[in-house]
**Q** 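Structure below; questions to follow.
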Amino acid sequence: MRVLGVDPGLTRCGVGVVEGVAGRPLTMLGVGVVRTPVDAELGQRLVAVEQGIEAWLDEHRPEFVAVERVFSQHNVRTVMGTAQASAVAMLCAARRGIPVALHTPSEVKAAVTGSGRADKAQVGAMVTRLLRLDAPPKPADAADALALAICHIWRAPAQNRLQQAVALHAAKAPITSKGRTA
């Protein structure tokens, strides 16, 4: 499985590609950030994020895109930029028919470090170890993107089995006289 992880941001959007399957050693295929100028107009910044994501999709041809789920912060301006960059990444993947998964920061931290409250240094250290790198990727946005890809590779098989079980149960559930499942 080849996954493009995206740590959305308007100034720095972390991107990283990891290939592998759960239970086997993983391989980093690329890592970096898509940067936009702080003084540029919002529309231009979003176009720059789109062009950067599209370039990564062209180069690495991932099977899945894993994006960090935007969560509420105190700074509304920061949340808006993050949400907008997140939407651009999802749009780029959807346009190509690539499935998108959203993972919360605590899910990613728990998957990679074992603790949903891990700090950036711990995530960077574990990404370095899991991908057998010489040093943690810089900046932290890049390491977070790799962590998202790792999280998806490890969580996707279980999520797929759960979705299949739910679908199978729904298909077998008897229909009541009111048209609802029992």
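Any value given below was found using the heavy atoms of this structure, including those in side chains, with hydrogens, waters and symmetry copies removed.
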**Q** Quick check for you: to the nearest 0.5 Å, what is the distance between Gln44 atom CD and Asp39 atom CG?
**A** 9.5 Å
**Q** Leu102 versus Met90: any side-chain heavy-atom pair under 4.5 Å?
**A** yes
**Q** Give a yes or no on whether the backbone of Leu26 and the side-chain of Arg132 come within a donor-acceptor separation of less than 3.5 Å.
**A** yes
**Q** Does this structure show an ion pair linking Asp7 with Arg12, if we count only N-O contacts that are shorter than 4.0 Å?
**A** no
**Q** Pick one: which of Ile53, Asp141, Thr82 meets side-chain contact (heavy atoms from CB on, under 4.5 Å) with Cys13?
**A** Ile53
**Q** Has the side chain of Arg2 got a donor or acceptor atom that lies under 3.5 Å from a matching backbone atom of His60?
**A** yes
**Q** Which heavy atom of Gly5 sits nearest a heavy atom of Ala149, and at what distance?
**A** N-CB, 3.9 Å
**Q** Is there a path of hydrophobic side-chain contacts, each under 4.5 Å between heavy atoms, that joins Met1 and Leu57?
**A** no
**Q** Return the CZ to NE2 distance between Arg155 and His103, rounded to the nearest 0.5 Å.
**A** 6.5 Å
**Q** Between the main-chain N or O of Asp119 and the side-chain N or O of Gln122, is there a donor-acceptor pair closer than 3.5 Å?
**A** yes
**Q** If hydrophobic clusters are built by linking Ile, Leu, Val, Met, Phe, Trp and Tyr wherever their side-chain heavy atoms come under 4.5 Å apart, do Val49 and Val100 end up in the same one?
**A** yes
**Q** How far apart are the closest heavy atoms of Gly116 and Lys109, and which atoms are they?
**A** O-CD, 3.5 Å
**Q** Compare every heavy atom of Val112 with every heavy atom of Trp154, then report the nearest pair and how far apart it is.
**A** CZ3-CA, 4.4 Å
**Q** Does Met126 belong to the same Ile/Leu/Val/Met/Phe/Trp/Tyr cluster as Val31, with side-chain heavy atoms less than 4.5 Å apart forming each link?
**A** yes
**Q** Please examine the side chains of Arg35 and Pro139, heavy atoms only from C-beta on, and report whether any two atoms are closer than 4.5 Å.
**A** yes
**Q** Hey, are the side chains of Gln84 and Arg45 touching, using non-hydrogen atoms and a 4.5 Å cut-off?
**A** no
**Q** Does Arg129 CZ have over 12 foreign heavy atoms under 6.0 Å away?
**A** no
**Q** Are any side-chain N or O atoms of Thr113 and backbone N or O atoms of Val123, one a donor and one an acceptor, separated by less than 3.5 Å?
**A** no
**Q** Enter the distance from Met28:CE to Thr128:OG1 here, rounded to the nearest 0.5 Å.
**A** 9.5 Å
**Q** What's the spacing between Gln51 CD and Leu46 CG if we round to 0.5 Å?
**A** 11.0 Å
**Q** Any side-chain heavy atom of Leu131 within less than 4.5 Å of one from Val18?
**A** yes
**Q** List the atom of Ala142, the atom of Pro137, and the distance in Å for their closest heavy-atom pair.
**A** CB-CB, 4.3 Å
**Q** So which atom in Glu63 and which in Pro99 form the shortest heavy-atom distance, rounded to 0.1 Å?
**A** O-CD, 3.3 Å
**Q** Looking just at side-chain N and O atoms, do Ser86 and Arg69 make a donor-acceptor pair shorter than 3.5 Å?
**A** no
**Q** Can you get from Leu4 to Leu133 by hopping between Ile, Leu, Val, Met, Phe, Trp and Tyr side chains that sit under 4.5 Å apart?
**A** no
**Q** SG of Cys92 to CG of Asp58: how many Å apart, nearest 0.5 Å?
**A** 10.0 Å
**Q** Should Val88 and Val33 be regarded as members of a common hydrophobic cluster, given that ILVMFWY residues are connected when their side-chain heavy atoms come within less than 4.5 Å of each other, either directly or indirectly?
**A** no
**Q** Quick one, Glu54 with Val34, criterion side-chain contact (heavy atoms from CB on, under 4.5 Å). Give me CA distance, side-chain angles, the key distance, then yes/no.
**A** CA-CA 11 Å; Glu54 289 288 351; Val34 175; over 6 Å; no
**Q** To the nearest 0.5 Å, what is the distance between CD on Glu19 and CG on Leu29?
**A** 5.0 Å
**Q** Please find the pair of heavy atoms, one from Gly16 and one from Ala145, that lie closest to each other, and give the distance.
**A** N-CB, 3.5 Å
